[in-house]
Trainee: 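Sharing a structure with you now.
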Amino acid sequence: MVRDDDGRPVRVALIGSGRMGSFHAESLTYRIPGVQLAAVVDPAPGAASRMATAFGASAAYTDPAAVFADPTVDAVVIAAPARFHAELIVAAAQAGKAVFCEKPGALTLADLDRALGAVAEAQVVLQVGFNRRFVPDWAAARRLIDDGTLGTPRLLRSVTRDPGGFDPARVAPDTIFNETLIHDFDTLSFLNPGARAVEVFAVADALVEPSWRDRGLLDTAVVTVRFDNGAVGVAEACFEAAYGYDVRGEVFGAKGMATMGDGRVDGMVFSGSSGRVAATARSDQELLAGAYVEELAVFADVVRGLDPVPVGGQDARAALGIALAAAQSVRLGRPVQLGEVGA
């Protein structure tokens, strides 16, 4: 239940103490006023205790049921592995907690629908971590669409290239669609407001780790998405870019075009005897740090009842539907209608 803003800190429990959980813990502790990291949950022995000690949280647990049962906890931030998201959303909603969940909301539409049903029944807040909506470039492009400056979107493009260094043995099948490109699928919808994806065609391969191809790893993909307003979007991803972490976008409309992102750390370019050099970001937390903080700051205001949910369950469902259709398109070698995956 969203509470009225009574001036006390929003007490947040963090579930998951991995790479993303660590960044969120630091933000909740130091970067967002009016928020208190109340507890950390992680099933790995000692993980929650170490993080709770590092960031001054008053409690650490291996079982999330402990924070769901704590009446002093207002909200939970879910940064656990994706396969646990749906069950955690359901449990948090049934406990009356506001929920921020990292993408994806679930790995199947059935699980996501069950989670959204629990959220609706409990009338709690659910915000999903599609961080690109909070990056200034992308937010500015959306404003051009909303105020009519750009005109009706016709062609859209979204790019994600990770810096590499991943362990292929830990990459589950369809991860490139469900956990990487899902950001791009949400971006395409965000920049084509009111439109619904109707058809998806995808090609993908293991070009970074070819020896893992037969074991289901796909590390490079291009996806075309056709929308019901006639616009066409293209999303591409690769798990390895030699120059760092690269996120870009483009929307071409009836009145003009907006481009977003170039992967540079700053605007400085050094010109020397070997040519011109610009520093590029080496991780998502370097390039998108501000967006990660802003999405949690907005979530805190949503919990206080000061703002509406900016990106919720239906946004998560739209992106997941495209992801599932893309994976099926690769398997079938043909375009897939969204209705074929139940979206």
Trainee: Any donor-acceptor pair under 3.5 Å linking the side chain of Glu240 with the backbone of Leu207?
Mentor: no
Trainee: So, are Glu250 and Arg157 salt-bridged, with charged N and O less than 4.0 Å apart?
Mentor: no
Trainee: With the threshold set at 4.0 Å, does a side-chain nitrogen-carboxylate oxygen contact exist between Arg248 and Asp262?
Mentor: no
Trainee: Are there more than 12 heavy atoms of other residues, nucleotides or ligands under 6.0 Å from atom CD of Glu286?
Mentor: yes
Trainee: For Thr160 and Arg132, which I'm curious about, is there any donor-acceptor pair between the side chains at under 3.5 Å?
Mentor: yes
Trainee: Apply side-chain contact (heavy atoms from CB on, under 4.5 Å) to Asp162 and Tyr245, showing your working.
Mentor: CA-CA 5 Å; Asp162 290 331; Tyr245 183 70; 3.2 Å; yes
Trainee: One thing to verify: whether Arg282 and Asp246 come together as a salt bridge, which I'm taking to mean a side-chain N less than 4.0 angstrom from a carboxylate O.
Mentor: no
Trainee: For the backbone of Ser211 and the side chain of Arg215, can you confirm whether one donor and one acceptor N or O come within less than 3.5 Å of each other?
Mentor: yes
Trainee: Which heavy atom in Pro308 sits nearest to a heavy atom in Val302, and how many Å separate them?
Mentor: O-CG2, 3.4 Å
Trainee: Which heavy-atom pair separates Pro104 from Glu179 by the least distance, and what is that distance?
Mentor: CD-CG, 4.0 Å
Trainee: Return yes when atom CZ of Arg334 has more than 12 non-hydrogen atoms of other residues, nucleotides or ligands closer than 6.0 Å, and no otherwise.
Mentor: yes
Trainee: If we ignore hydrogens and angles and just use 3.5 Å, is the side chain of Asn178 paired with the main-chain N or O of Thr175 as donor and acceptor?
Mentor: no
Trainee: On a heavy-atom basis, which atom in Ile89 and which in Val119 lie closest, and how many Å separate them?
Mentor: CG2-CG2, 3.7 Å
Trainee: One thing to verify: whether Arg143 and Asp147 come together as a salt bridge, which I'm taking to mean a side-chain N less than 4.0 angstrom from a carboxylate O.
Mentor: no
Trainee: Check the side chains of Arg276 and Ser271 for a donor-acceptor pair under 3.5 angstrom, ignoring hydrogens and angles.
Mentor: yes
Trainee: Grab the two heavy atoms, one from Arg264 and one from Leu287, that are nearest each other, plus how far apart they are.
Mentor: O-CD1, 4.2 Å
Trainee: Consider only side-chain N and O atoms of Arg161 and Tyr243, and report whether a donor and an acceptor are under 3.5 Å apart.
Mentor: yes
Trainee: Please confirm whether the backbone N or O of Ala300 pairs with a side-chain atom of Gln127, one donor and one acceptor, at under 3.5 Å?
Mentor: no
Trainee: Are Glu236 and Val223 side-chain neighbours, meaning at least one heavy-atom pair lies under 4.5 Å?
Mentor: no
Trainee: Is a salt bridge present between Asp111 and Arg114, judged by a nitrogen-to-oxygen distance below 4.0 Å?
Mentor: yes
Trainee: Among Arg11, Arg8, Arg304, find the residue that satisfies the salt bridge (Lys or Arg N to Asp or Glu O under 4.0 Å) test when tested with Asp74.
Mentor: Arg8
Trainee: Taking all non-hydrogen atoms of both residues into account, name the closest pair between Phe177 and Ala326 and its distance.
Mentor: CD2-CB, 3.7 Å
Trainee: Taking only Lys NZ, Arg NE, NH1 and NH2, and the carboxylate oxygens of Asp or Glu, determine whether Arg133 and Glu294 approach each other closer than 4.0 Å.
Mentor: no
Trainee: Hey, does the side chain of Gln94 reach the backbone of Ala91 with a donor-acceptor pair shorter than 3.5 angstrom?
Mentor: no
Trainee: Going by atom types only, do Asp42 and Tyr61 share a side-chain donor-acceptor pair under 3.5 Å?
Mentor: no
Trainee: Taking all non-hydrogen atoms of both residues, which atom of Val40 and which atom of Ser17 are closest, and how far apart?
Mentor: CG1-CB, 4.4 Å
